[in-house]
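Take a look at the structure set out below.
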Protein chains: 2
Amino acid sequence: MTDVATEKPRRGRPPVSDEQRQRQRLDLSRHAVRLFAEQGVAATSGEQIAQAAGVSERTFWRHFPHKESCVEPLLTKMVDAFCAVVRAWPRELELIDHLREAYSPLLDAASDEDIEAVLAVVRLTQGERALRAAYLMVRERAEDVLADVLAERAGLPRNAIEVRVQAAAMSAVLKVATDDVARAAADGVTRETLEGHREQIADALRGLSQVLVARPGPLAR
Amino acid sequence: MTDVATEKPRRGRPPVSDEQRQRQRLDLSRHAVRLFAEQGVAATSGEQIAQAAGVSERTFWRHFPHKESCVEPLLTKMVDAFCAVVRAWPRELELIDHLREAYSPLLDAASDEDIEAVLAVVRLTQGERALRAAYLMVRERAEDVLADVLAERAGLPRNAIEVRVQAAAMSAVLKVATDDVARAAADGVTRETLEGHREQIADALRGLSQVLVARPGPLAR
DNA sequence: CATTTATTGGCACCGTCTGCCATTAAGCGC
DNA sequence: GCGCTTAATGGCAGACGGTGCCAATAAATG
């Protein structure tokens, strides 16, 4: 009825800004991931994480509904960066080529420590099934972005079966490549490891278009 | 040193057979899924499931490490059946055609109640993130089987990047199709719904081979 | 029946996570 | 500065998830 932000004398303490909230979560997240990597998820209690970050256990649980969701802010940060790159994918370019161009800036945008932490999380998801769920949730968000972009480029509705399948397939490609790199970076991340990721993705994308057996292609004809 | 099974007078009560163990788990699983569907996962306590199945809470927890893993036996049963079909895929046939032939027997092998229960679980995984992890775990096992079969047919090592990517992509296809059917079967499963699944898979497989934008195909040339 | 081993159930206990309330912090007008 | 209002925090009790331990029972052998 009345205007948007008017009619609001706003008395009392204002809520903290959204960015600040994110920063708090991110801080908790970094401590949590460090502890997870050092001693495992099961052996790390919520109390411990809270203490490491200097807040009470109660407020820790207010920030994260489950212990595993601690990894989310860190992962989200990287995935969002990647999504931004995908969204900026120009029509006239191959995805591979676009990634080749945009990949390095993506790496520069994040601190080395965060990159290391993210890869540590990905590695942890191999054995710690509790983290797998969180990991796959944020991957799913990325898949939706991918589907949006694909749909727009193909001129199809977002939920067309072809679009969803393609998005799922490409998402799978990214997953395979990322897992490989995370494993490769088990002991120390170098610039080469990360550049390798780009080429892994390229390889994997090629693998996708090869279509070993799923259809009667030129190979089988 | 000594022979395999000899030298074992085997005194005392013998361990229960593996099949019997599986049957017990399956029984628990059915009760659990029913309760999950009726009142949600969070609102269903381990004690409740145990009581429904007529065992103590303690032995319930001995059968399942986490509450969510209750769904595993049911899902595994279906996935194993599907894997068997994939393994039997003859070289000279298209996958789609093979599935068309083998699909009905697959349905006949399971009770209607179990099929309904499985679809209910898949539907639940949409909203209950706790179940998502369990669901994705058994899907991953299926992906490995797929990779094996693909590797053998293509004459490549099991962990070749192309193989893994293809397996992941096909697995994604199955996931998309299955989710669609589970949604469609929200109110009552009919034979048509299930036959529809086969066609969904076929559609999705076609979608996979279309390759909207991932490479310079005839469309982009 | 006595013996041996596997399963079961009961109990105590730690960690996860929530609801509730008192306390503190951050803004406002005065 | 002082109230006043609202948001964030911390502390506490408690339900639920899940494990270790031990006693009781079940199923085999002789």
Side-chain angles (χ1 to χ4, degrees), chain A residues 5-29 31-32 35-36 38-72 128-131 133-134, chain B residues 5-29 31-32 35-36 39-72 128-134:
Chain A
T6 51
E7 210 84 30
K8 286 253 190 170
R10 279 275 51 200
R11 305 168 355 141
R13 173 181 184 170
V16 297
S17 70
D18 219 37
E19 318 126 39
Q20 190 151 349
R21 230 191 144 61
Q22 299 305 327
R23 244 181 293 128
Q24 277 187 67
R25 276 171 55 94
L26 193 56
D27 186 49
L28 261 327
S29 188
H31 284 286
L35 291 169
F36 286 171
E38 280 173 16
Q39 34 178 328
V41 177
T44 306
S45 72
E47 190 183 0
Q48 232 174 113
I49 304 172
Q51 200 164 13
V55 298
S56 79
E57 190 182 349
R58 188 65 188 80
T59 61
F60 167 74
W61 289 120
R62 256 193 276 266
H63 279 288
F64 297 103
H66 319 289
K67 193 166 63 167
E68 325 95 51
S69 16
C70 286
V71 300
E72 197 195 288
E128 302 266 10
R129 17 208 72 194
L131 296 189
Chain B
T6 51
E7 209 86 28
K8 287 251 190 170
R10 277 274 51 189
R11 309 173 349 143
R13 173 182 183 168
V16 298
S17 71
D18 218 39
E19 316 126 41
Q20 188 149 349
R21 230 190 143 61
Q22 298 305 327
R23 243 181 294 128
Q24 276 186 66
R25 277 171 55 94
L26 194 56
D27 186 48
L28 261 327
S29 188
H31 284 286
L35 290 170
F36 286 170
Q39 34 178 328
V41 176
T44 306
S45 69
E47 190 183 1
Q48 231 174 116
I49 304 173
Q51 199 164 13
V55 297
S56 80
E57 191 181 347
R58 188 62 186 86
T59 62
F60 167 74
W61 289 121
R62 257 194 275 265
H63 280 288
F64 297 103
H66 319 287
K67 194 164 63 165
E68 324 97 51
S69 16
C70 286
V71 300
E72 197 195 289
E128 302 265 11
R129 19 206 71 194
L131 295 190
R132 200 93 126 221

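A note on names: the letters A, B, ... follow the listed sequences, proteins ahead of strands, and every chain is numbered from 1. These figures come from a predicted structure and were not determined experimentally.
The minimum heavy-atom distance linking B/Glu68 with B/Ala134 is given by the pair O-CB, 3.9 Å.
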With a 3.5 Å cut-off and sequence neighbours excluded, list the donor-acceptor pairs that the side chains of residues 57-67 of chain A form with protein atoms.
unit_1: A/Glu57; atom_1: OE2; unit_2: A/Trp61; atom_2: NE1; d: 3.3
unit_1: A/Thr59; atom_1: OG1; unit_2: A/Ser56; atom_2: O; d: 3.1
unit_1: A/His63; atom_1: NE2; unit_2: A/Gln24; atom_2: OE1; d: 3.3
unit_1: A/Lys67; atom_1: NZ; unit_2: A/Val41; atom_2: O; d: 3.0
unit_1: A/Lys67; atom_1: NZ; unit_2: A/Thr44; atom_2: O; d: 2.9

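Atom CD1 of B/Ile49 and atom CZ of B/Phe36 lie 4.0 Å apart (nearest 0.5 Å).
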Before giving the answer on side-chain contact (heavy atoms from CB on, under 4.5 Å), spell out for A/Leu28 and A/Cys70 the whole-Å C-alpha distance, their side-chain angles and the decisive distance to 0.1 Å. CA-CA 7 Å; A/Leu28 261 327; A/Cys70 286; over 6 Å; no
For a side-chain contact (heavy atoms from CB on, under 4.5 Å) check, start with the C-alpha distance between A/Gln39 and A/Gln48, then their side-chain angles and the critical distance, and finish with the verdict. CA-CA 11 Å; A/Gln39 34 178 328; A/Gln48 232 174 113; 2.8 Å; yes
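Taking B/Ala52 as the reference, B/His31, B/Arg34, B/Leu35 meet the side-chain contact (heavy atoms from CB on, under 4.5 Å) condition, with sequence neighbours excluded.
Dashed line: the shortest gap from a side-chain N or O of B/His66 to OP1 or OP2 of D/dG17 is not under 4.0 Å.
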Between the protein and nucleotides 4-7 of chain D, which nitrogen or oxygen pairs are less than 3.5 angstrom apart?
unit_1: D/dT6; atom_1: O2; unit_2: A/Arg13; atom_2: N; d: 3.1
unit_1: D/dA7; atom_1: O4'; unit_2: A/Arg13; atom_2: O; d: 3.3
unit_1: D/dA7; atom_1: N3; unit_2: A/Arg13; atom_2: NH1; d: 3.4

Which protein N or O atoms sit under 3.5 Å from an N or O of nucleotides 10-16 of chain D?
unit_1: D/dG10; atom_1: OP2; unit_2: A/Ser56; atom_2: N; d: 3.1
unit_1: D/dG10; atom_1: OP2; unit_2: A/Ser56; atom_2: OG; d: 2.9
unit_1: D/dG10; atom_1: OP2; unit_2: A/Thr59; atom_2: OG1; d: 2.8
unit_1: D/dG10; atom_1: O5'; unit_2: A/Ser56; atom_2: OG; d: 3.4
unit_1: D/dG10; atom_1: N7; unit_2: A/Arg62; atom_2: NH2; d: 2.6
unit_1: D/dG11; atom_1: O6; unit_2: A/Arg58; atom_2: NE; d: 3.2

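Heavy-atom neighbours of B/Gln51 CD from other residues, nucleotides or ligands within 6.0 Å: at or below the threshold of 12.
Nearest to the side-chain atoms of B/Trp61 among the listed nucleotides D/dT9, D/dG18, C/dT16 stands D/dG18.
In the region residues 17-28 of chain A, proximity to DNA chain D at under 4.0 angstrom, judged on heavy atoms, holds for A/Gln24.
Pairs passing the salt bridge (charged side-chain N to carboxylate O under 4.0 Å, His left out) check and including a residue from residues 14-28 of chain B, sequence neighbours excluded, read B/Arg25-B/Glu72.
Regarding A/Glu68, its CD atom lies at a distance of 10 Å from the C1' atom of C/dT16, rounded to whole Å.
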